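Computed from a prediction, not measured in an experiment: that's the story for all the values here.
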Amino acid sequence: MTSGKLFGTDGIRGVAGQWPLTPEFVLRLGQAIGQVLCKDTFEAQVVIGRDTRLSGAMLESALTAGLLSAGVEAHHLGVIPTPGIAYLTRQWGMQAGIVISASHNPYTDNGIKLFGPDGFKLPDAMEAQIEDLVRGEEPLTEARGAELGRSLQRSEGERIYRQFLLGAWEEGSLEGMRIIFDCANGATSTLAPQLFQALGAECLVRHNDPDGLNINTSYEYLTPHSLAQAVIEEGADLGIAFDGDGDRVIFVDERGGFVNGDHTLAILAREMMAAETLARDTVIATVMSNMGLEVSLKEMGIRLERMPVGDRWVTERMREGGFTLGGEQAGHIVIFDQGLPCKEHTTGDGLYTALKLCQVLIRRQASLSELAACVSDFPQVLVNVPVRSKPPLEDQVAEAEDVLGEQGRIVLRYSGTEPVARVMIEGPEQELVEELAEGIAEVIRRELG
């Protein structure tokens with residue numbers, strides 16, 4: 001069995017059909033999950049959903065077999081956005097929610113992520129228990145006879161999740177608004193247009209015909225160029241791009257400008273500040289957020305607190321500190337209601353965020369380009385370098401930091417889901433940051449590539 005930590009920052013991730021995402025291993029994983037869940041309750045129940053990848057059904061079947069053999073009752077929702085599983089886990093009183101998805105990764109990848117009964121990512125301690133069991137040599141507990149778990153199909157799950165999203169809408173109608181959606185042939189392909197049409201918007205939809213192999217083929221990380229072109233050609237008010245499992249969202253304004261998670265945070269922070277719902281006048285972001293966001297918030301008397309990359313760390317800090325808004329540049333936006341996350345949502349949700357942003361557009365009677373102008377981005381470069389191993393990287397940045405001084409930032413980190421080192425540099429001039437980023441990347445290629 002391969003060594004190394006099984007659970008990353010967003011569950012288990014890898015190439016479908018290769019360890020750890022083989023049917024044999026995933027079956028044992030289901031047994032281990034079931035054994036941990038059934039330790040404190042006689043009849044554990046889980047809700048399971050997936051995105052549109054071809055490998056999803058295979059992994060779901062193997063995982064279900066393991067869960068049932070451990071006595072767990074499995075409620076299957078089929079294809080549904082990841083945040084829908086988080087919501088329904090809590091709503092239905094399940095012991096866990098399981099999502100089979102690799103988010104924005106290509107169809108060849110897949111993953112398994114777990115939510116606890118409160119709708120938040122499963123605690124590290126429980127993941128560690130599951131990992132110890134699944135890696136162990138001992139046979140796992142198996143139920144017999146009437147103790148075996150049941151498998152139930154729950155067709156009403158998406159409808160209940162859609163009703164929850166509609167219930168979050170607070171502003172009249174979207175009638176007269178023309179929106180282009182890019183659903184990345186993923187889990188939002190049906191739900192996104194249904195949701196916004198119900199609110200009166202004219203919806204034009206792209207890449208909403210999943211075939212198991214085309215998920216995320218249209219997804220353009222942070223800069224959705226083809227969607228921007230479509231918005232201009234169609235004269236739309238805005239474009240909305242989701243990733244494959246629907247927990248990220250990136251916007252395009254009516255002029256074709258890109259509105260990423262940083263801009264979205266700034267817009268929502270200003271609105272929440274005015275409504276006195278921005279707890280402690282603070283936004284939680286990550287080290288990848290542009291310095292332009294920090295400057296924009298500071299102008300409003302809003303503090304930016306940075307966390308390591310990953311919506312998990314943003315959410316945990318928000319819960320710990322009672323904050324109400326946080327997120328990532330990549331489009332994970334987490335919104336809590338008056339510091340009480342269980343009252344509304346518990347995770348980043350692209351659809352929920354899109355609704356909240358459209359509410360601001362309606363309320364302010366402003367275009368998205370006008371609202372997004374509150375952030376002026378600093379020149380930023382992100383270079384991804386494949387690596388064989390992941391030793392500490394601190395020594396690689398000292399020289400570049402001396403060049404930038406206090407006029408920029410360097411973030412050098414490893415991906416939590418891929419064998420990649422990410423080099424991100426911000427500074428006063430585009431040419432300078434590109435030169436410094438490429439210099440560090442070349443050192444990493446030479447020593448670790």
Say whether, by atom type as modelled, one donor and one acceptor occur between the side chain of [X] and the main chain of [Y] under 3.5 angstrom.
{"X": "Asp182", "Y": "Leu227", "value": "no"}
{"X": "Gln359", "Y": "Glu170", "value": "yes"}
{"X": "Asp211", "Y": "Asn214", "value": "yes"}
{"X": "Asp262", "Y": "Asn290", "value": "yes"}
{"X": "Glu202", "Y": "Met177", "value": "no"}
{"X": "Ser289", "Y": "Ala285", "value": "no"}
{"X": "Ser189", "Y": "Gly186", "value": "yes"}
{"X": "Thr286", "Y": "Met288", "value": "yes"}
{"X": "Asp243", "Y": "Ser103", "value": "no"}
{"X": "Glu370", "Y": "Ser367", "value": "yes"}

Below 4.0 angstrom, N of the basic side chain to O of the carboxylate: do [X] and [Y] qualify?
{"X": "Arg312", "Y": "Asp124", "value": "yes"}
{"X": "Glu316", "Y": "Arg319", "value": "no"}
{"X": "Arg306", "Y": "Glu294", "value": "yes"}
{"X": "Asp349", "Y": "Arg248", "value": "no"}
{"X": "Arg13", "Y": "Asp10", "value": "yes"}
{"X": "Lys356", "Y": "Glu271", "value": "no"}
{"X": "Arg178", "Y": "Asp237", "value": "no"}

Does Ile130 form a side-chain contact (heavy atoms from CB on, under 4.5 Å) with Leu122? I'd like the steps, not just the answer. CA-CA 11 Å; Ile130 293 168; Leu122 202 68; 3.9 Å; yes

In Å, rounded to the nearest 0.5 Å, how long is the span from [atom1] of [X] to [atom2] of [Y]?
{"X": "Leu77", "Y": "Tyr161", "atom1": "CG", "atom2": "OH", "answer": "11.5 Å"}
{"X": "Glu426", "Y": "Arg409", "atom1": "CD", "atom2": "CZ", "answer": "4.0 Å"}
{"X": "Arg422", "Y": "Tyr414", "atom1": "CZ", "atom2": "OH", "answer": "13.0 Å"}
{"X": "Ile12", "Y": "Leu29", "atom1": "CD1", "atom2": "CG", "answer": "4.5 Å"}
{"X": "Arg90", "Y": "His345", "atom1": "CZ", "atom2": "NE2", "answer": "8.0 Å"}
{"X": "Leu357", "Y": "Leu371", "atom1": "CG", "atom2": "CG", "answer": "7.0 Å"}

Quick one: does [X]'s side chain get under 4.5 Å of [Y]'s, heavy atoms only?
{"X": "Trp313", "Y": "Val287", "result": "no"}
{"X": "Leu21", "Y": "Ile112", "result": "yes"}
{"X": "Leu27", "Y": "Leu63", "result": "no"}
{"X": "Phe25", "Y": "Val134", "result": "yes"}
{"X": "Leu166", "Y": "Leu195", "result": "yes"}
{"X": "Val36", "Y": "Met126", "result": "yes"}
{"X": "Glu305", "Y": "Val283", "result": "no"}
{"X": "Ile302", "Y": "Thr282", "result": "no"}

If you take all heavy atoms of [X] and [Y], which pair is closest and at what distance?
{"X": "Thr347", "Y": "Ala86", "result": "CG2-CB, 3.7 Å"}
{"X": "Pro224", "Y": "Val252", "result": "CG-CG2, 3.6 Å"}
{"X": "Ile240", "Y": "Ala354", "result": "CD1-CB, 4.1 Å"}
{"X": "Leu368", "Y": "Glu254", "result": "N-OE1, 3.6 Å"}
{"X": "Gly246", "Y": "Pro83", "result": "O-CG, 4.0 Å"}
{"X": "Ile179", "Y": "Cys358", "result": "CD1-SG, 4.4 Å"}

Begin from the C-alpha positions of Phe181 and Phe196 and carry the test ring pair (Phe, Tyr, Trp, His ring centres under 6.0 Å) through to its verdict. CA-CA 10 Å; Phe181 294 90; Phe196 282 80; 5.1 Å; yes

Are side-chain N/O atoms of [X] and [Y] paired as donor and acceptor at under 3.5 Å?
{"X": "Asn110", "Y": "Ser55", "answer": "yes"}
{"X": "Gln329", "Y": "Gln380", "answer": "yes"}
{"X": "Asp253", "Y": "Ser369", "answer": "no"}

Should we count CZ of Arg255 as having more than 12 external heavy atoms under 6.0 Å?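 Counting neighbours around CZ of Arg255, 12 or fewer heavy atoms of other residues, nucleotides or ligands fall under 6.0 Å, so no.
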
Angle between ring planes, Tyr352 versus Phe164, binned at 30° and 60°: parallel, tilted or perpendicular?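 Judged by the thresholds at 30° and 60°, the geometry between Tyr352 and Phe164 is parallel.
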
What verdict does the ring pair (Phe, Tyr, Trp, His ring centres under 6.0 Å) test give for His207 and Tyr219, after you've listed the backbone C-alpha separation in whole Å, the side-chain angles of each residue and the deciding distance to 0.1 Å? CA-CA 9 Å; His207 304 116; Tyr219 186 66; over 10 Å; no

Show your working on side-chain contact (heavy atoms from CB on, under 4.5 Å) between Asp118 and Thr346 and close with a plain yes or no. CA-CA 8 Å; Asp118 55 4; Thr346 58; over 6 Å; no

Is there a side-chain contact (heavy atoms from CB on, under 4.5 Å) between Thr324 and Met272 once you walk through the steps? CA-CA 9 Å; Thr324 51; Met272 293 172 69; 3.5 Å; yes

Assess whether salt bridge (charged side-chain N to carboxylate O under 4.0 Å, His left out) is satisfied between Glu438 and Arg445, documenting all intermediate values. CA-CA 10 Å; Glu438 185 54 39; Arg445 291 189 191 101; 2.7 Å; yes

Do the two ring centres, one from Phe258 and one from His263, sit under 6.0 Å apart?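 Ring centres of His263 and Phe258 not closer than 6.0 Å.
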
Can you tell me which residue among Thr353, Val360, Ile250, Leu293 is in a side chain to side chain contact (heavy atoms under 4.5 Å, CB included) with Thr264?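 Testing each of Thr353, Val360, Ile250, Leu293 against Thr264, the sole residue satisfying side chain to side chain contact (heavy atoms under 4.5 Å, CB included) is Thr353.
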
Show your reasoning for whether side-chain contact (heavy atoms from CB on, under 4.5 Å) applies to Arg53 and Asn216. CA-CA 10 Å; Arg53 292 163 211 274; Asn216 291 321; 3.5 Å; yes

